[in-house]
Amino acid sequence: MAEYMGLGEHVGRLRALSFDIGAYRPPSEGGSASLLLRVSENCPWNRCTFCEMYKGQRFVYRPVAEITADIDRVAAMRDEIAAISFELGMAGMISRDLATALVAEGRDLIGDPGFVTVFNWLASGGRTAFLQDADSMSMRPREYIAVLQHLRQTLRSLTRVTTYTRSKTLSKRKPEDLLMIREAGLDRFHIGLETGDDELLGVVSKGVTSVEQIEGGRKAVSAGFQVSMYWMPDLGGRERWQQHAENTARVLSAINPHYIRSRPLVPRPGTPLYEDVARGHLQLSSPHERLQELQRMIGGLDVTSKVCFDHAMNAWADHRGGLLFRRNYEGYQFPQEKPLLLERIREGLAVDESMHVHARKLMAAQSL
Ligand code: SF4
């Protein structure tokens, strides 16, 4: 006869299984409530002048055994949560009612990031995982493959595994290693391209050249990965907007990634770029000037990618005061929708600039 365990004992077990996760994941990995797992901690480069994400935090290379132990904790939590659901007469369902019951017994679980990521992941069907932090491909390929194999064998409900990496790191990987990593179960890379302009790459200390960006991106596409690349409108300010737009289009066209995502510059306090803006060394563009930059970049794209504006900072207004661009994760399918997107940009340029400023304030307030 199965022995009934009190809820308090179950909650105690969940607490004991706690593990650490990182702070960042792409928004497109949030909608599906991806399981977050740390392959390494923080950023091995950590010098980009616009980035505040890991400043002051040391890069940690995690051993395989530590990562696989986290994966085992996830599996144990999954089984524990399912057992609680059955014991409470919820037929194994991972629901809001189950969360309420668990939190009523152990309020601290709400503040346990490991528990929260596992619960949300299960509630969404347990399908996707995101490997953290900034550059998981900095792990030695054989070790990475061992981690991926353990992940796929242990959490069999996973249908997609994705991660952040740097173009520079990809450019250094051998094609055969990339193929084996793909076969071991990694599906998609999220890569911060920012710009394809070599001068600007140097100015912002991105630590990569456009040749390496193209090499890394092409290697990833050839090995069968989905590639999602982020570029940063206004990174070059008023001084370098044309070269930024033209060379970003050149590099993205050479790679032809699956997704191109716009992440307009937001100067973050505590970064060198923020100081540059404060001292007047970098002059930010107006909403219309940013649209002109967008027009130049989009006009130069020769790709079959999906071009996306899935971030609150892409808040330009159309003539009715609505959002100029679709704000979903699938965006505009190129080349078919390129004329439509260019038409939207022309509409945005015909709207009074004050409407764009208002739209941006509105979106910024909503995303707080
Ligand atoms: S590589 Fe990415 S995470 Fe690292 S400093 Fe640059 S932008 Fe930030």
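Here, residue 1 is the first one in the sequence, and each next residue gets the next number. Ligands are counted one by one from 1 in listed order, and the atoms in each one are counted from 1 as well.
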With heavy-atom distances below 4.0 Å as the criterion, list the atoms of ligand 1 near Met53. 3 (S)
Who's the nearest protein heavy-atom neighbour of atom 4 (Fe) of ligand 1, and how far? Cys43 SG, 2.3 Å
Under 4.0 Å, heavy-atom basis, I'd like to know which part of Tyr164 is in contact with ligand 1: side chain, backbone, both or neither. neither
Would you mind running through ligand 1 and noting each atom that sits below 4.0 Å from a heavy atom of Tyr54? 3 (S)
Going by the atom numbers of ligand 1, which of them fall below 4.0 Å from some non-hydrogen atom of Ala134? 3 (S)
Under 4.0 Å, heavy-atom basis, I'd like to know which part of Cys48 is in contact with ligand 1: side chain, backbone, both or neither. both
One residue to check: Arg47. Relative to ligand 1, which of side chain, backbone, both or neither has a non-hydrogen atom less than 4.0 Å away? backbone
Salt-bridge test for Arg152 and Asp187: reply yes if a basic N is under 4.0 Å from a carboxylate O, no otherwise. yes
State which residue, out of Glu293, Glu199, Glu246, fulfils the salt bridge (Lys or Arg N to Asp or Glu O under 4.0 Å) condition with Arg240. Glu199
Is the closest basic N to carboxylate O distance between Arg261 and Asp310 below 4.0 Å? yes
At less than 4.0 angstrom from any non-hydrogen atom of Asn46, what atoms of ligand 1 do you find? 4 (Fe), 5 (S)
Check each of Leu155, Thr154, Leu35 against Arg78 using the side chain to side chain contact (heavy atoms under 4.5 Å, CB included) test, and report the only one that passes. Leu155
Would you mind finding which of Gly192, Cys51, Pro44, Ser167 brings a heavy atom closest to atom 8 (Fe) of ligand 1? Cys51
Lys206 neighbourhood, listing ligand 1 atoms whose heavy-atom distance to it stays under 4.0 Å: 6 (Fe), 7 (S)
Do Glu353 and Arg290 sit within salt-bridge range, that is, some charged N less than 4.0 Å from a carboxylate O? no
So Gln149 and Tyr144, side-chain hydrogen bond (donor to acceptor under 3.5 Å, both in side chains) or not? Walk me through it. CA-CA 9 Å; Gln149 287 172 339; Tyr144 204 6; over 6 Å; no
Indicate yes or no: at least one non-hydrogen side-chain atom of Ile67 is less than 4.5 angstrom from one of Glu143. no
